[in-house]
Amino acid sequence: MKNNNEINIPDGEYSKRGYLKENYRVFKINDKTDKTFDFHYHEFDKIVFFLSGNAKYMIEGKEYILKPYDILLVRHGDIHKPVIDSDVNYNRVIIWVNKNYLNREYDLSYCFEISKKNKMNLMRIDDAEKQRVFTLLEELTAESKNLFADDYYKESVFTQLMILLNRCEYSLHNAAGYKSDKHIDKVIDYINNNLFDNLTIDKIANELFISRYHLMHKFKDVTGESVYSYISKKRLFYAADLLKNGASAKCACFESGYKDYSVFLKAFKKEFEITPADYKKQYYVDC
């Protein structure tokens, strides 16, 4: 059965998946699939509520082994893929969220920022919080009954759900919750902390005392991307955010770590299928 939350990409091709024009979109899916997912990313934030099955998620170098009622926060730009056992039903609810929609009077994207800060995508909440969260999730995914102000009610349920996720305190489950390669974890941290510097494979390998060969091959195995491609995509996402906030194309280029505007322009058009100037026109609103 085809999943309605993914679009087909040729095997081996790393790409963006999914398009979100609404403020948020909810998928309730319970199926068996023998599809093998490639590493991919989204321009929106994603929340995965795992209900049952045998599945794990690979996100930014970490492998999360899921248990029922686990919640995953996947930030826009996070490189990830699910690995699913096709012999059992994979039951989950997935919510795609426009990250700009969460920035209200109270910043409902705070949980994603904490996830980034703690380098942890997994939420395992206690039983009391779990009951409240999944009760709201059930209401959100219930079939519409065409009652008075039904859309407005669903909107309020979604807001309550996001407030609860932001209030929840979650613990980091070490070996029981995820696996990772400590060397690649250090590489990803180093790249993110030095994204705008002149990064080369030799420089990263020397700084972290890792062999060049191990860095190149292990990084590809764990993240699904080459080191250079990973750095480029992270810089492009940063540039895209700058454009959304009103920066000029040239400012976005140099502020994101690119040294040559023509290289930036070519990479941006390949990644987003639009020029930086048109991207800014599409997303930036001068208030």
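No hydrogens, no waters, no symmetry mates; every other heavy atom, side chains included, goes into these values.
By the neighbour-count criterion of 12 heavy atoms within 6.0 Å, atom CD of E255 is sparsely surrounded, having that number or fewer from other residues, nucleotides or ligands. In the displayed structure, Y110 atom OH is contacted under 6.0 Å by at most 12 heavy atoms of other residues, nucleotides or ligands. Within 6.0 Å of NZ in K218 there are 12 or fewer heavy atoms belonging to other residues, nucleotides or ligands.
Between D278 and K281 the shortest side-chain heavy-atom distance falls below 4.5 Å. Side-chain atoms of I47 and V74, non-hydrogen and from C-beta on, never get closer than 4.5 Å to each other. Looking only at side-chain heavy atoms (C-beta outward), N54 and D87 stay at 4.5 Å or farther from each other. Counting heavy atoms from C-beta outward, F37 and I84 have side chains that approach closer than 4.5 Å. By the 4.5 Å heavy-atom criterion applied to side chains, K250 and P276 are not counted as neighbours. When side chains are defined from C-beta on, R92 counts as touching I94, because their heavy atoms get closer than 4.5 Å. In this structure the side chain of R235 reaches within 4.5 angstrom of the side chain of L199, judged on heavy atoms. A 4.5 Å side-chain heavy-atom check between I191 and F219 finds at least one atom pair inside the cut-off.
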Take L72 and K46 through the side-chain contact (heavy atoms from CB on, under 4.5 Å) test and state the conclusion after the steps.
CA-CA 8 Å; L72 287 172; K46 180 169 78 170; over 6 Å; no

May I have the step-by-step check of side-chain contact (heavy atoms from CB on, under 4.5 Å) for Y69 and L51, ending in yes or no?
CA-CA 5 Å; Y69 303 105; L51 300 176; 4.2 Å; yes

Kindly determine whether E43 and H76 satisfy side-chain contact (heavy atoms from CB on, under 4.5 Å), including the steps that lead there.
CA-CA 5 Å; E43 288 188 46; H76 57 283; 5.5 Å; no

Could you walk me through whether K244 and K280 pass the side-chain contact (heavy atoms from CB on, under 4.5 Å) check?
CA-CA 6 Å; K244 287 179 180 179; K280 179 180 176 178; over 6 Å; no

Report the C-alpha separation of Y41 and F237 in whole Å, then their side-chain angles, then the decisive distance to 0.1 Å, and conclude whether the ring pair (Phe, Tyr, Trp, His ring centres under 6.0 Å) test is met.
CA-CA 11 Å; Y41 67 90; F237 274 111; 4.9 Å; yes

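A side-chain donor-acceptor contact under 3.5 Å links T135 to the backbone of Q131. Side chain of D70 to backbone of R124: no donor-acceptor contact under 3.5 angstrom is found. Side-chain atoms of N89 never come within 3.5 Å of backbone atoms of N91 as a donor-acceptor pair (strictly under, hydrogens ignored). Looking only at distances, a side-chain donor or acceptor of N166 sits under 3.5 Å from a matching main-chain atom of L108. For T141 (side chain) and E138 (main-chain N/O), a donor-acceptor pair under 3.5 Å exists by modelled atom type.
Take F209 and apply the ring pair (Phe, Tyr, Trp, His ring centres under 6.0 Å) test, not counting sequence neighbours, and it matches no residue.
Of all heavy-atom pairs spanning F272 and A240, the tightest one is CZ-CB, 3.9 Å. Between S226 and K220 the shortest heavy-atom distance is N-CD, 4.0 Å. Of all non-hydrogen atoms in I79 and Y230, the two that sit nearest each other are CD1-CD1, 3.3 Å. When all heavy atoms of G77 and K234 are compared, the pair lying nearest together is O-NZ, 3.6 Å. Counting all heavy atoms, side chain and backbone alike, E129 lies closest to I125 at OE1-CB, 3.7 Å.
N103 and S109 form a side-chain donor-acceptor contact under 3.5 Å, judged by distance and modelled atom types alone. Counting only N and O atoms by type, the side chains of N121 and Y57 include no donor and acceptor under 3.5 Å apart.
Both L195 and I184 sit in one connected hydrophobic cluster of ILVMFWY residues. Membership requires side-chain heavy atoms under 4.5 Å apart, directly or through other members. Transitive grouping of hydrophobic side chains (ILVMFWY, heavy atoms separated by less than 4.5 Å) brings I210 and Y228 into a common cluster. Hydrophobic cluster membership differs between V88 and V93, with clusters built from Ile, Leu, Val, Met, Phe, Trp and Tyr side chains linked at under 4.5 angstrom. Put simply, Y190 and F196 are part of the same group of oily side chains (I, L, V, M, F, W, Y) that touch within less than 4.5 Å, one to the next. Note on L164: it clusters hydrophobically with Y153, by side-chain heavy-atom contacts below 4.5 Å among ILVMFWY residues.
We find the CZ-CG distance between R25 and L20 to be 5.5 Å, quoted to the nearest 0.5 Å. Remark: I95 CD1 to L137 CG distance equals 5.5 Å, nearest 0.5 Å. In this structure, T33 OG1 and D85 CG are separated by 11.5 Å, a value rounded to the nearest 0.5 Å. To the nearest 0.5 Å, atom CD1 of residue I65 and atom NZ of residue K179 are 5.0 Å apart.
For the pair K81 and D38, the salt-bridge criterion is not met [side-chain N within less than 4.0 Å of a carboxylate O]. Ion pair K119/D185 not flagged as a salt bridge, since none of the NZ, NE, NH1 or NH2 atoms sits closer than 4.0 Å to an Asp/Glu carboxylate oxygen. Between K130 and D127 there is a salt bridge, since at least one side-chain N of the basic residue sits less than 4.0 Å from a carboxylate O of the acidic one. Between R75 and E113 there is a salt bridge, with a side-chain nitrogen of the basic residue lying less than 4.0 Å from a carboxylate oxygen of the acidic one. The residues E60 and K116 are annotated as not salt-bridged, no charged nitrogen and carboxylate oxygen being separated by less than 4.0 angstrom.
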Tell me which donor-acceptor pairs under 3.5 Å the side chains of residues 256-269 have, and how far apart each pair is, sequence neighbours excluded?
{"residue": "S256", "atom": "OG", "partner": "A252", "partner atom": "O", "Å": "2.7"}
{"residue": "S256", "atom": "OG", "partner": "C253", "partner atom": "O", "Å": "2.9"}
{"residue": "Y258", "atom": "OH", "partner": "S232", "partner atom": "OG", "Å": "2.8"}
{"residue": "D260", "atom": "OD1", "partner": "S262", "partner atom": "N", "Å": "2.9"}
{"residue": "D260", "atom": "OD1", "partner": "S262", "partner atom": "OG", "Å": "2.5"}
{"residue": "D260", "atom": "OD1", "partner": "V263", "partner atom": "N", "Å": "3.3"}

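In this structure, H80 and H42 have tilted ring planes: the angle between them lies in the 30° to 60° band.
Looking at D241, D45, D107 one by one, the single match for salt bridge (charged side-chain N to carboxylate O under 4.0 Å, His left out) with K99 turns out to be D241.
A cation-pi arrangement is not found for K154 relative to F158, the charged atom failing to lie both closer than 6.0 Å to the ring centre and inside a 45° cone about the ring normal.
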